[in-house]
Amino acid sequence: MGTKLIIDTDPGVDDAFALALAAQSEDVELLGVTTVFGNVPLSHTTSNARRLLELFGRDDVPVAAGAARPMVYDNAKPAGYVHGQDGLSGHAGTLPEAKRPLDERGAVRLLVDLLEAADEPVTIAPIGPLTNIALLLAAHPDVREKIGRIVVMGGGVTKGNSTTAAEFNIWSDPEAARRVLVDEDIPTVLVPLDITHQCSVDTDWLGKLAASGPLGAALEALTPTYVKHYTPILGMPGMVMHDAVAVAEAIRPGILDVEAYPVDVECGFGPARGATLVDRRRLRSTDPQAVPGRTIDVALTTDVDAFRDFVLGRITGGR
């Protein structure tokens with residue numbers, strides 16, 4: 001079947017595009033979806049994930065709800081002003097009701113069961129706060145050997161969005177992010193704002209998506225609030241598909257160009273809380289003040305036009 005994939009998500013408009021990309025790709029075995037608080041509260045992210053999978057005709061995929069708040073300090077704030085108060089520009093209710101019941105095992109138990117049952121390594125794509133994944137690795141360390149890669153949408157090398165220093169997913173639960181990015185030894189790819197902004201799409205691209213058929217039209221209809229938010233940021237009518245960038249790398253390794261850097265996460269309570277510290281200095285290997293975090297792959301560049309074509313082709317054609 002190709003890539004065995006689990007997505008941990010907080011839908012979110014860009015999460016909707018990420019789920020579509022995985023659900024429509026024939027070379028992806030989407031084992032399950034777990035939900036977490038983030039862009040909107042957990043009740044909305046869970047409903048949105050289930051409705052989106054119903055829209056994509058994927059009621060074979062189990063969905064389980066996970067963490068409703070950060071691991072330690074409950075000071076995260078939803079991003080309804082970006083995605084709409086329901087997470088999907090006010091249009092979540094237009095999506096079909098999910099026929100498959102919510103999986104009662106909960107996110108961590110579902111993750112454990114799916115990983116233990118897998119006969120080959122599984123890729124996990126966390127595209128929301130990292131709370132569920134940190135809890136999984138803390139409580140069930142034996143499943144590490146079943147995880148081939150973790151591809152995280154989060155962080156920023158040169159910029160933040162929730163604060164000057166911090167990207168939303170990492171800022172929402174820095175302690176969880178540090179557990180996953182720094183304290184573990186599982187192969188990990190970080191997909192930060194620096195690359196996701198490069199992969200932004202304009203309204204012409206969204207128009208092609210809408211014209212492709214009912215599914216594309218339904219996805220494009222979820223974007224108005226998101227486009228309104230990103231238009232002044234991008235300087236053009238369009239949006240950033242943050243989470244779809246990470247899922248693209250999860251299902252086609254190498255579509256993003258990565259470099260290995262030491263990474264740490266700031267968990268203090270000053271203005272840099274939630275910042276990802278990526279040490280790109282040439283002399284870091286001999287510098288006693290180098291970032292002490294783990295060395296992981298960080299995605300910084302890609303062939304942007306080819307990337308946009310890949311996402312559009314996968315969503316509209318399922319190739």
Side-chain angles (χ1 to χ4, degrees), residues 3 5 7-9 14 18 21 121 123-130 133-134 137 144 147-200 240-267 272-287 289-304 306-308 310-311:
T3 303
L5 178 66
I7 296 179
D8 186 70
T9 181
D14 55 329
L21 180 57
T123 298
I124 299 178
I127 53 177
L130 284 159
I133 309 305
L137 297 174
R144 291 187 185 99
I147 302 172
R149 287 200 308 167
I150 300 177
V151 183
V152 175
M153 190 280 122
V157 178
T158 62
K159 64 178 75 178
N161 56 6
S162 284
T163 71
T164 302
E167 178 273 333
F168 178 81
N169 288 343
I170 307 301
W171 173 80
S172 293
D173 195 342
E175 286 76 20
R178 195 174 198 284
R179 176 63 192 248
V180 175
L181 297 177
V182 180
D183 294 342
E184 296 293 338
D185 59 0
I186 300 165
T188 299
V189 179
L190 184 68
V191 181
L193 296 175
D194 308 77
I195 182 66
T196 64
H197 275 256
Q198 292 175 46
C199 298
S200 60
V240 183
M241 296 189 295
H242 300 289
D243 295 338
V245 182
V247 168
E249 172 61 29
I251 66 179
R252 178 170 284 187
I255 195 169
L256 307 181
D257 301 321
V258 304
E259 295 185 52
Y261 293 112
V263 173
D264 206 341
V265 177
E266 173 58 48
C267 293
R273 178 171 172 79
T276 43
L277 309 175
V278 179
D279 195 341
R280 301 176 70 195
R281 294 174 295 171
R282 291 181 181 274
L283 298 178
R284 64 182 183 272
S285 61
T286 59
D287 186 347
Q289 300 303 316
V291 168
R294 179 166 67 113
T295 296
I296 63 174
D297 287 334
V298 180
L300 293 173
T301 59
T302 189
D303 181 331
V304 173
F307 174 85
R308 291 173 179 145
F310 172 78
V311 174

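Not a single salt bridge (charged side-chain N to carboxylate O under 4.0 Å, His left out) links E266 to another residue, sequence neighbours left out. Taking T276 as the reference, nothing meets the side chain to side chain donor-acceptor pair (under 3.5 Å) condition, with sequence neighbours excluded. By the salt bridge (charged side-chain N to carboxylate O under 4.0 Å, His left out) test, D303 pairs with no residue at all, sequence neighbours left out. Every side-chain contact (heavy atoms from CB on, under 4.5 Å) that R252 has, sequence neighbours left out, goes to I255, F310, R314. Applying the side-chain contact (heavy atoms from CB on, under 4.5 Å) test to V157 and every residue at least two apart in sequence or in another chain returns P192, D194, V278, R280, V298, L300. Applying the side chain to side chain donor-acceptor pair (under 3.5 Å) rule to E259 yields the partners Y261; only residues at least two apart in sequence or on another chain are considered. Looking at residues two or more places apart in sequence or on another chain, you find no side chain to side chain donor-acceptor pair (under 3.5 Å) involving D14. Annotation: side-chain contact (heavy atoms from CB on, under 4.5 Å) contacts of P121 (sequence neighbours excluded): none. Residues passing the side chain to side chain donor-acceptor pair (under 3.5 Å) test with T302, sequence neighbours excluded: none. With sequence neighbours excluded, the residues forming a side-chain contact (heavy atoms from CB on, under 4.5 Å) with T295 are A260, P262, listed by chain and number.
For residues 163-177, the side-chain hydrogen bond (donor to acceptor under 3.5 Å, both in side chains) pairs, not counting sequence neighbours, are T131-D173, E175-R273.
Between D185 and R144, the shortest heavy-atom contact is OD1-CD, 4.2 Å. Heavy atoms only, all atoms of each residue included: C267 and P174 are closest at SG-O, 3.6 Å. Closest approach of A165 and A272 over heavy atoms only: CB-CA, 4.0 Å. Nearest approach of E249 to L256, heavy atoms of both residues: OE1-N, 3.1 Å. Heavy atoms only, all atoms of each residue included: S200 and V240 are closest at CB-CG2, 4.1 Å. The minimum heavy-atom distance between I127 and A18, with the atom names listed, is CD1-CB, 3.7 Å.
A heavy-atom distance below 4.5 Å is not found between the side chains of I150 and E184. L193 is listed as a side-chain neighbour of M153, based on a closest heavy-atom distance under 4.5 Å. Side chains of Q198 and V245 form no contact here, defined as non-hydrogen atoms less than 4.5 Å apart. Looking at I147 and L137, their side chains come closer than 4.5 Å, going by heavy atoms from C-beta outward.
Taken from CG in N161 to NE2 in H242, the straight-line distance is 6.0 Å, to the nearest 0.5 Å. For the atom pair CG (L181) and CD1 (I133), the distance works out to 11.5 Å, reported to the nearest 0.5 Å. Here the CD1 atom belonging to I296 is positioned 5.0 Å from the CG atom belonging to L190, to the nearest 0.5 angstrom. To the nearest 0.5 Å, atom OG1 of residue T301 and atom CD1 of residue I195 are 6.0 Å apart.
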- Task: Applying side chain to side chain contact (heavy atoms under 4.5 Å, CB included), run through I186 and I124 and close with a yes or a no.
- Result: CA-CA 11 Å; I186 300 165; I124 299 178; over 6 Å; no
- Task: Report the C-alpha separation of L130 and R179 in whole Å, then their side-chain angles, then the decisive distance to 0.1 Å, and conclude whether the side chain to side chain contact (heavy atoms under 4.5 Å, CB included) test is met.
- Result: CA-CA 9 Å; L130 284 159; R179 176 63 192 248; over 6 Å; no
- Message: With side chain to side chain contact (heavy atoms under 4.5 Å, CB included) as the criterion, how do L21 and M241 come out once you've worked through the C-alpha distance, each side chain's angles and the decisive distance to 0.1 Å?
- Response: CA-CA 11 Å; L21 180 57; M241 296 189 295; over 6 Å; no
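Using a distance-only test at 3.5 Å, with no hydrogens or angles considered, no donor-acceptor pair links the side chain of R178 to the main chain of D183.
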